Each structure stands twice: as structure tokens, then as C-alpha cells.
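This report concerns only the one structure given below.
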There are 2 protein chains.
Amino acid sequence: MSKEKLKVVGQPLPRVDGKEKVTGKARYTGDLGLPNIAHGKILRSPLPSAKILKIDIGEAAKIPGVVAILTRDDFADIDPYFGPAFRDRPILAIEKVHYTGEPVVAVAAMDEGTAESALELIEVEYEELPAVRDLDEALSPGAPILHETIRLAGQFADLASIRMEEKSNIGHHFHYERGNVQQAFKTADRVFEHTFTTPPVYHCNLEPHAAIARWEGDELTLWSATQNPFPVRTELANIFNMPLSKIRIISSYMGGGNGAKAYAKVEPLAAALARKAGLPVKIALTMEESFKTITRHATKYRVKTAVTKTGEIVARECEIFWDKGAYGDIGIRLVRKSGYTLPGPYRVPNLKVDSYAVFTNKVPAGALRGYGVAQSTWAIEQHTDMIAKEMKIDPVVFRMKNLLNKEEEFHPGDPVDCDFKGGLQTLTKAIDWGKRSGKSRGKGIATFLKATISPSLSQAIIRIHVDGSATLMTSTTEMGQGAKTVLGQIAAEELGISLDRVTVTDSDTARTPYDLSTVSSRSTTLMGRAVQKAAQDAKRQLVEMASKILSVKEEELEFAENKIRPKGSAEKGITVTSLIRDQLLGGEVIGVGMFRTEKDMRVPLGAPTPFWEVAFAGAEVEVDPETGELKILRYVTAPDVGKMINPLLCRGQSDGSVIFGLGQTLLEEMVYEDGQLLNPNLVDYLIPRFSDCPEKLETIFIENEDGAGPYGAKGLGEGDLIPVAAAIANAIHDAVGVRITDLPITPEKILRALREKE
Amino acid sequence: MSKEKLKVVGQPLPRVDGKEKVTGKARYTGDLGLPNIAHGKILRSPLPSAKILKIDIGEAAKIPGVVAILTRDDFADIDPYFGPAFRDRPILAIEKVHYTGEPVVAVAAMDEGTAESALELIEVEYEELPAVRDLDEALSPGAPILHETIRLAGQFADLASIRMEEKSNIGHHFHYERGNVQQAFKTADRVFEHTFTTPPVYHCNLEPHAAIARWEGDELTLWSATQNPFPVRTELANIFNMPLSKIRIISSYMGGGNGAKAYAKVEPLAAALARKAGLPVKIALTMEESFKTITRHATKYRVKTAVTKTGEIVARECEIFWDKGAYGDIGIRLVRKSGYTLPGPYRVPNLKVDSYAVFTNKVPAGALRGYGVAQSTWAIEQHTDMIAKEMKIDPVVFRMKNLLNKEEEFHPGDPVDCDFKGGLQTLTKAIDWGKRSGKSRGKGIATFLKATISPSLSQAIIRIHVDGSATLMTSTTEMGQGAKTVLGQIAAEELGISLDRVTVTDSDTARTPYDLSTVSSRSTTLMGRAVQKAAQDAKRQLVEMASKILSVKEEELEFAENKIRPKGSAEKGITVTSLIRDQLLGGEVIGVGMFRTEKDMRVPLGAPTPFWEVAFAGAEVEVDPETGELKILRYVTAPDVGKMINPLLCRGQSDGSVIFGLGQTLLEEMVYEDGQLLNPNLVDYLIPRFSDCPEKLETIFIENEDGAGPYGAKGLGEGDLIPVAAAIANAIHDAVGVRITDLPITPEKILRALREKE
């Protein structure tokens, strides 16, 4: 369909859920109630590592209003472990606790106060064990071993043997290489090696985790603030040994997801507690509890690069250690998928990649917007800058020499769909690259590439009603990103109707068709294509009916403006309404669509990415050399979106993503002391305020209509966050000549670096 | 599929919702709650016919907790009339009230008590008008006219002109004839004419009407105890001028439907009140209010038949007047469809049928189990008996002469699918026809035929999950009839899995596909076929996938035991699970199915019935000649089910239907005095107790596997009720020689008849 014909797609329409949300009427999981519902509260471990000797619930059980107390003793008839890749996390701690804050006992009572009072009467006797506090300790010889055995979820079972050595804290090791790295380093003109670290950070969704579980006979319904209802359904089926058809997961609005709400978190406990209580149970975590549920991996990234004297990369060795915390969560996939792109968007003929998942006695780490690429980009894009600076090559020129060309293969079988060089030119022009605006001021740039999850499948159903309005049934979840609006626009465009005549469902595993997950910026592209195909399937059926009525061959008919008509004829034809009324007796046309990525075993992960998420970042900063204070004068983000389905929402995604990245760059760090998390709240854990935002924030959308999604769209939303930290670090170095390699970049670190430099 | 291969279908499996229901855990609409919900109560008219002069809500509005008071003044921006065929019923009375009990004002308050108190403070000033009390008054010259104009719903609009004469109380007239009736009567050997009447009766569902309405922005969700969510959706879209996609009707369990819950009843008011309140509103009627919402038509049926001297029917004239009460509801369709079968299951070469809808100032009448055929069978099967007795021909012999043969056309284009003669033989054998067991004892028989609703469409979606379990998405409602179990059995049979691995959804117009309605005993047949087709569509996709994997042509593969394998090979093949896991990446197979009746304009209603519902009834009674007391010694019902999907549920349906019919035969009558209904409650309105049941109740299922439904099934459930009254009346005549022609048959009437006979 040519660009000028688009009527709904490409329009900056207000989000369909906007009014409900700004008027406070939108209902989130925590707002839901059920008759006779009990409330669940959790007793958590006070120690990072300990053996549980005894649990005494006797006094707590006597409190009126307490309906159930769940402990490790209630797991005889279920398999109490969950986790989407590592299946190692117990619903409640069993023999040992592995981090401070781990759930040990759960109480259901008819009101929250009673449940909390009951927690105070429960006595747990622990025998403290030595704890592993960070990556270095975890990898030290003789370190305590968190998990003696590694259990993986079904689909990862064949990777179970990939552990560096027995009895270590390394839970998984992803390795791949090509060319002859050793030889290339031996003969290289120049070799550079640097190490970078990032701390654990938190997602800070304004809505903490929440779930309501209700059993009816042998059926379980769970309302949950989850980004991926279907994987959660699988986990519950495994735990309770149930057919998938007996489990219903409903996900309505979420107040942010950002990866924290991917995969089961509080759902297994809610289900187990409701099962014991014989009543529906709601568990709504506090912000502090959410901090103790899932976090982002701390990392240590060592990268070594061999370069010709004219600046061409010839070899690279990348080694990254991911601090998993106490349990594995999606670790295997993260270690592998993010490991895959460790070398960055550059041509690297000789390459060696090692990516390690390492257990420590901390809050488990999982997905967070950017999914590992934020940490590796922090490293690789500074490393790139450091090489260029040391070689006295302009960092843009250095990148231009080494960036992949469009269609060039990142890895055999996996070509890039992005014009990196064109994008970088756009960015450098926008940021006035090469012009210095004052003393202690400098500019930095960064870019990256991120694969989306693959293999992957999205399915959609479109039902066209007799009045021509339509219902789009999709399991994509709405967590603020605007999926309902964007998918609705795609459906409306295809059906030739206005957006207000399309209703997009909430996700409901028992009603709406399968979707892998609302993660990895995949929904517009993959679900978008499924929606398009569902609409096309519906239109095909209408054309088939019209062909019989009009006595015109199907191939000579076209669908336009909610009518089926002979091609090119604006007058003749038959409306959708009259076809459905007469041919389907007032029923509905049901269109089914599916989009699936193809497998290719040449690619280390088994399938090429359907699109690459790419953005270009430019920052201009000013550093106060007396205080180390950093001012971000200007920030330009240029995401390669392929095609904007809704420019208003794209802008919101990009701007929000940059600010999110700024928090991780400048402020955020989960601080531990003796295994205790010191700042699990939004008073002590800092996220950006308006005063932390750039004075000028500019967004340039690169629209080459070359994506795999509908109308050439690609994923958006994570990308703008990813290069923020490196762009700013590079700008600081450009401004005052100091280099910060461990996040966050605080005035103290800058000042210390300035002093050390003096 | 041959009979012996069936594994799930034909099994007397316990109903899937049984445990929930007997443990009291099943949730009905009235059990549902929502946060911040208001309760609606209704002020009703005290008069059968009056002009509303003034409504004063001032005092009521002042009560704390009252959130909205709805009157006729709130209808400026909506079209406040509803009705599925006649669109004449206002949400609240506008200029006039047309029956005692008609809603006039509705109050929403935060608790029921407050809403009720508010009703007491509302003052309505009426000017009483003369009322039309019954059919005779309505049809008298000079009678007050209830409705000056007739407004019909969209799909019936082209019938708007069919009114006998302007300014009468006849709202619709259905006429058809064939042959030369006048001539045939002139030349006939014998002519018989009789008149029969039935009173208005009530459905007596244990669950009264209930609905919850919630508006969110421009979207309306309605939880309703409704048998047909899709027609209700249409009505609401018309009232509020909304796209169908913006309205969601969810129907969970119902405590009986029986036609009372077909088409909008309390839903428009709940929606309008919630709209004004700005809060969700629940309206749950009392039993008394439900009595004043919908009822079954009183009738007066005159039938005249010409017969040869050997007992062959040569001509028949049928004229029936249906007492619609104050508003039309589904009246047009009922008058036409039931009118169509007025002559009964007999060969009638010359025929004239007239069926009239007549308005009176009483509670509106609509569908009730049997849909008009119960009333006409009361008449025609006594008339048949009376002719036979007068001609001294055995009533069985007389029927055998005149019953239609299988495949013979009831009307051109509409052949019967039932072996009437075989069925009647089965019945007469079972009841020991011809043997008299004692003094004042006698036997009677009756049969009938009933068309199901046509044209008609059912759609279904089956989703097969990666573990091989399945979700059947259907909008058939579960009102106690066992639809979830039966449809689940059909899906399980087709998919080769056990019933406990199929989950059948509730009806939800925004999630589950279109179905016309759960009425007219159509679900097993029509939705059953749609389910079968959906399963077949899913299997086709699996076979297609397997064909590629196994390199075997599709036509050489078969689906068996949840596997796809080369035909006849028990060993080889590939499981559904591995296909979905590998080919669909763990997603799901989505099968879509549809069953639609075909149009044929030769048939007066535009389409032949997809199946005929038929049953044979035999009763043996004893009459106490001193008191008129009637004892039913024995009752045999022999429904032609085609094929039982679940024998246990068939038995429940048949037995229940007979008892229901017994109530209407012996006890039930809504009694009016001066326009006031005197017995709108289950104390004064009598329904059968155990002591009213037959001493012996026998059910014989006729299974010729010749129905249009899956495995040869036909509809069941209404049929057993229909001939009860005529069979008993015929038996009474056989026992003591008196004939009761107006229902119910009370001891008083029998005694009076005995005395008159003396």
C-alpha cells in the first residue's frame, strides 16, 4: 500500500486508553476486587544465605480472619519451582534462603491488617551460612556454591550441560567464535583492552507486582499484571500439573512493565495460597517488596580489540559476567541473546564471545528494558571511543570505517536491516558534531544493535461485526506503551474503518489467541503483522462472498472503504454490512492471522532476528571541574523505527526511554551492605526528576520503511535507553578528558577522576 | 465416524459444571460484584392503563446514597425503545403506562435499602385510562387501542405493513394457505370444529432476571443472565447508537432460561441507569418483578377439519389469537413460526392458517419453552382425538392414517426428518395402548412437530494448546441444560482427547464468536456442528503441518488419538504436542467453524428448519368421579433425539421438561383481576411438587442418528413438555368421558364437566 493512501496508520491519534487513565478510571490488577477475597502477605528472609531449621505458624494460625498459612510443608502434591529458563526458584524457600527478602511464609487473611499481624507471630529459625556478595566473590576459588544442581525449564533442557565447571556459581556459559582470534591478535597493529561494570538497578514501575488467583473446581483464573500471560500459564501448568486449557491468565492495564513483569513472579505464590485458602487471594506487593523480587543484572564486561593502524577492527574478544542474583529467571536466554550482540554493530572478522550467568546471594535479576544490551553498550561504545581517541581518529570516522553496511550479515544468516552509516550521519548533523560550544563542554555519541526475541510467534483474531465495526483479539499486553492504540490503528487501516470502530481486547489466555510475550519491542512488528494477516484473512472471506453475489471473479475485486467492489470502481460494490447481514445472517467474519519467525541453525540462537532495534544517540554535556557536577545541555536520540504507526506514541516511547536511560546513567544503583539491600524504595533509590532531564531533548525518527513489521515498521521503545550512558560518558571524556567506566556516573566519580588526572 | 468408534460422545458423563453447582460455588449474575457498584430499584405502575401526568423525584433525590434517578426525561439523547421483533417497549414508561407493573422510574443507590426507600418518596400522578383485559375485549369493536403505531426492529421492518387493519389491537397477522380450502370443506364427508384456550403462564426460573452494567469511556460491559447475548448487544447498540464492537455482554451461568431470558429484558434499563449514575449498576429483580417482566401468551385456538369417511384429513382451517400483553417482544417471530406448525404433524392437502398477535393491558408475553407449539398442540392433539372418537376410529389408527411420512414435505421445501409412525408405535407399545387397567382410568396420547429457529447461524473457535488440551470458544449460554458438557464432548470426540482436557468458555460477545441464540433446542445441533467444523478446521491445519514433516500426502494422513499418522498405521505419526511445539513455536492451532441454515423462499419463513423437534407422549390417568381429583398413574415420553451426545443430560432434560409441562397442565395460571396480577409469586402461583409428579415416569429415546446435528443428533428439551397437556386431557376423556378445553385442568373443572355430563 503506498504511503499517501494510509488513513489511520501514521496519524498521531490520541491513545485509546488515554481518557480512562487520566481520569483515574482505568482499572489495574490492584484495583480489582472479587466477592469474599482474601489478601496475601509474605514473610521474607532477613538473611542473604541461611538454612531454615524450623517454621512455627501456630500462634499466627489462631488469629481470627486468617484463612491460610502457606509454608514449604504445603508442596507435597505440587512441583514448587518456577522460572522461565532456569527452573530454580521456589514458591517459598524450602531448605535454604538464598537472598535477603526471599519469601518464606505467606498468610492469607480476610483483610490486609490481619495478614500483616499474623506475619509478626510466625517464628522462623535460621542457621546463617556464608553469603556470596558479588561477582568477584562468586567467582573466587572456594566460594560458597549457591546451587549444587541446575534445573532448567523444558524448552532449555538441552542446554542443561552448558555449565563451565561442576560446583561453581556459573549457571550458564554462552560461547561462540569465528575466524582465528588468537592469530589475529598476534599479528594486529594495535590491541586495546578495557573493563566496564554496571551495578544492579531496578525497574521502578509505578505499579508494583500484583496478582489475584481464584480456583473454581479444577480451573484456575489469575488476574495478573504480567507482560506475558502465556509463559506464566505454562509455569503454573508445570507447578500444579494441569492442562493448559484449565488455566486462565487475564492481564489488564499495567503501570509499567519494563521486563520486571515478564515471566512468573508473584503468580505461583498467589495461586498456591488461594488453593490452600479455598478462596480467591490477592497479593499486591509494596514497592519495597517489588525491589526484592526482580532486578537488572550487575555486569562486568572485559573487551579486547585488535585494530589495523588505519583503524579497521580485525579481532575482538568479549567476556561478560552477569550477576544473576540468587535465582536464574530468564538468565539463560539473556546470557545467550545479549551475549550474541556483545561485539556491537561492527564488522569483526575474528571474534570470540563468552557470556556467563553467575549466581550471588542477591535479589534475582531478569529482563529490564534493553535486555542486557544496555550494559554491553555501556562497555562497547566507550571502548570504541577509547580506541578512536587513542588512535587520534575521530570517533565518528572510526565508527564509519567499521559499522556494518545495510544487508551485511552480523553473523552468517543474520543480516542487518538498518542503514547505520546513514543513521550516524543524521545524528552527527543534528548534534553539530565537531563544534565545541565552550570550555568544559563536550560531545559524545553512541549506537548499538539489539536483536529481538526469536524464534517467536504471534497470533491474532479479528472479528468483523455486522455493522462493520471490529474486535481485535490479541494477547499483547498494554503496559503503557500504547499497544492497544497501535494494533487498533493497524486493524482499522486494513479494514478501512476509523480507529473508534475497532475494539482491542485485553490479554486473556482463555479467550485471546497465543502470543509469546509483550517484550523485546516486538509487538508492533510481530503482533502487528499477525493483525494485518488476520485482517487480510477476513477480507479474503468477504471478497469470496462478494464474488458470488456480484458474479465477479475474486481477483477482480478489491476491498476499499469497508466495501468490496470491482477494482477501480468507486461506485459499484457491496458493503461489509450487507454481506454479513445477508450471507452470514448477521453473524461475523472471523479472520485469523499468525506471524512466526523462521528458524536458521547457522545463527547461534537458532533463528535470525526479524528486525534489529537500533538507535543513535548524541549528547552534549558541561562538567563543573570544581564539583564534578554534570549538566546535560542537549540530547539527541535518533531511533530507526522503519515506519511510525503512531508518531505521538513513538515520541512518548523515545522520550521516556531516554529519561529512563538517564536515571541508570546518573543516579541508579541498588546498594547492598552485608547482603542487605539498603535502598529498596523511591526515597533512597533515586530516579530522574525534571531537573535531571536534558535542557534540550530532540528526537529524530528514521523512517526508511524497511522493517519487517506492518508498513515497514520496526520495534521501538527500548532502543533510546540503551546508548544513553555511553554517549554521556563519551561526552564527559570529550569535555574534560576523564573516563568513567563504572555506572552510575556521579559527580563524586567525575571529581575523583579529575583529581586523579591532575 | 461409525458408532462403535465413539469414545466421548454417547457417554453418560457427569456435567462439567455439576460440582460447582452442587457445592454452591457456581457464580450467577446476581453473585457478581464490582468495586463501587450501585444497586438499581424500580418504581412500577399501579395501573394497567394510564397517562403519566407528572413525576416528582425531588424528595427521593435528596436521600444520601442515591446516585441517580432515571425517568422518561433522561431519554433525549438515546432511542429508548427496545424489543427484538416489535420495537415498542420503552426502558421506562414515557407518555402512558400499558400494564400494571411496568417500570416508570428507576433509582440507583449505594445499597438496596436506600434505593427502596427512595422509591417510596417518588410521586407519580396518573390519569387512568380504560384497559383491555383479555383477547375478547381486545378484539371487540370500539376497544381501546394500546398502540396507535407499530414499530418493528430492523430485520422485521419489511413486515411492518402486515397488520389486519389500522387502529386495532392486532399487532401482526401471519397467514398462509394452500390448495382450495373452501372447496374441500364444501365437499367433505365430515367437518369438525373446536375451540381451545390457554391462560398466561410464567417461566418460574429460580433465578430472576439480573444484569450489571458498567460504562468505561464509550464502552459498555454488561453481565447479564441472558440466553442470547448477541441480540441483546444489537438492542443496546440501537438504543445508545454505538458500534457493536463497543458493547460487551457476558453471560455466565443461569438458573434457568426457558425463553424468559431470551432477548433484552432488564439490560437496557441497567445500562441507562449506569450511564446516568456514572457507576456500575446492578439490577436484580425479585421473583414478583420477574413475573411482571415476561410471560407466556394466553391463546385462543379455533380449528376446523374436514375428513373423509375413512378418516383421511382433507382440509383444515386454523386460527389462533396470541395474547401479547402490552408489548410485542419477539411476537412477530412467534406468531409466524408457531403459526406455521398450527396444523400439526399431519398430511393436510388443503390448508388455511391465520395467526394473530393481539395486544392487551397485561404483562408482555414472549418465548417460553415450547415457543407457542405447546399451546397449539394442546388444541390440535385434542381436536385430533375428538375427531377420532366421534368417528369411532382408534386415535392411534386415526393418526397413523394422517401422520406425515419421513421425508414427506410438511410444506413444499421443508421435509420432515422424523419417523412419526415408528415413533408412535414405540410409544403405544410402551404405554400398553388398548388395555384398560381399571374403572375411571384411561389412556391418552399426543405428538407434535416443532421447527427450530431458521435461518440461523452458529460460529465456534477451537484453540488447541501445545499440551494438546483445548479451549472451545462458544457463545452458547449455560442455563442448566448442560450445553458446556455436550459441546465439550463433541470437541473432545473430534480432537481425540478426554472431556477434562477441553475447557468450554462462557459466552462473551467481545471474546467468543457469534451465535444467534441459545433457544429453540438448537445448540446441540447447530452449535454442535459449528464445533465439529472448528475441530475439523484445526485438524486440517495439523494434518497440513504433519504432511510436510512426515513427507506424506495430506490425503494419506489421518487424525487419531491426538496424533497425525499415515492412515491405518497405529505406530508411526507425530503428536499434536510436537507439531505445535516445533511448527508453531509453542503457540496454538486455531480452528474456526460455522454452521448456517440455508434459505429457501418456498418456505413461509424463508428457510426450512434444520431439524424438527418431535416427541411422543402417552399418559394413563385415574379420575376420582366424586371429587374430580386426577391421578397420573403413568407417563411415557419418547423424544426423537436422533443421537444422544450425553444420555445422562438427555434424561435430565426430558424428565424436567415433562414435569414443567405437568405444571402448565394441572396448576399454572396467571390470574388477573381488574388489570392486577393476583399471584405473582411462588406461594400463590403453583408449580408441581413431587406429589404432583406421575407415579411412573418413563423416558424412551428414539435414536435413528438421522438429525442434522453432530453424529445425527437433533434438538431436545422443549419437546417433552409440549404434548403433556393434550395427552393428559385425552386420557381424562378416555377415563371418564369428559373433555377439558381450557387449561389448566383442575379437579374443579373435571368435576364440573362430570356434573354437566350427568
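We name chains A, B, ... by the order of the sequence lines, and we start the count at 1 in each one. Predicted model only: the values in this text are computed from it and were never measured.
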Between A:T474 and A:T476: side-chain donor-acceptor atoms closer than 3.5 Å
yes
Measuring heavy-atom distances to chain A, does B:R501 have an atom under 4.5 Å in its side chain, in its backbone, in both, or in neither?
both
From A:Q459 atom CD to B:L585 atom CG, the distance as rounded to the nearest 0.5 Å:
9.5 Å
Against chain B, work out which of A:R463, A:R248, A:K246, A:H465 has the most heavy-atom pairs shorter than 4.5 Å and name it.
A:R463
Rounded to the nearest 0.5 Å, what's the gap from CG on A:L495 to CD1 on A:I462? Could you check?
5.0 Å
Locate the shortest heavy-atom distance separating A:P35 from B:G33; write the atom from each residue and the value.
CG-N, 4.0 Å
Side-chain donor-acceptor pair present, A:S251, A:S507, cut-off under 3.5 Å
no
Which region of B:S475, side chain (C-beta onward) or backbone (N, CA, C, O), has a non-hydrogen atom less than 4.5 Å from a non-hydrogen atom of chain A, or is it both or neither?
neither
Cut-off 3.5 Å, side chains only: do B:S517 and B:N228 have a donor facing an acceptor?
yes
Turns out that what part of B:P455 lies under 4.5 Å from chain A's heavy atoms comes down to both
One thing to verify: whether A:K484 and A:D506 come together as a salt bridge, which I'm taking to mean a side-chain N less than 4.0 angstrom from a carboxylate O.
yes
Please classify the contact of B:V466 with chain A as side chain, backbone, both or neither, using a heavy-atom distance under 4.5 Å.
both
What residue, out of B:P513, B:G468, B:A237, B:A470, has the most heavy-atom pairs lying under 4.5 Å from chain A?
B:P513
Looking only at B:V592, B:I590, B:D218, most heavy-atom pairs under 4.5 Å shared with chain A are made by B:I590
For chain A, which of B:V502, B:D500, B:L32 has the most heavy-atom pairs under 4.5 Å?
B:D500
Heavy-atom pair count under 4.5 Å with chain B, highest-scoring of A:L584, A:T597, A:T471, A:I464
A:L584
So which residue, A:R233, A:K599, A:M594, A:R581, ends up with the most heavy-atom pairs under 4.5 Å with chain B?
A:R233
Just to be sure I understand the criterion: a residue of residues 16-29 of chain A counts if one of its heavy atoms is under 4.5 Å from a heavy atom of chain B. Which ones qualify?
A:E20, A:R27
Is a donor from one side chain sitting under 3.5 angstrom from an acceptor on the other, for A:S456 and A:R596?
no
Stepwise side chain to side chain contact (heavy atoms under 4.5 Å, CB included) test for A:D79 and A:N241:
CA-CA 8 Å; A:D79 183 343; A:N241 190 25; over 6 Å; no
Should A:R511 and B:T505 count as side-chain neighbours, where that means a heavy-atom distance under 4.5 Å?
yes
Below 4.5 Å from any heavy atom of chain A, which atoms of B:L34 appear? Answer side chain, backbone, both or neither.
neither
Turns out that what part of B:M242 lies under 4.5 Å from chain A's heavy atoms comes down to backbone
Are B:E478 and B:R15 ion-paired here, with the side-chain N under 4.0 Å from a carboxylate O?
yes
Taking atom types as modelled, is there a side-chain donor on B:S458 or B:D515 under 3.5 Å from an acceptor on the other?
yes
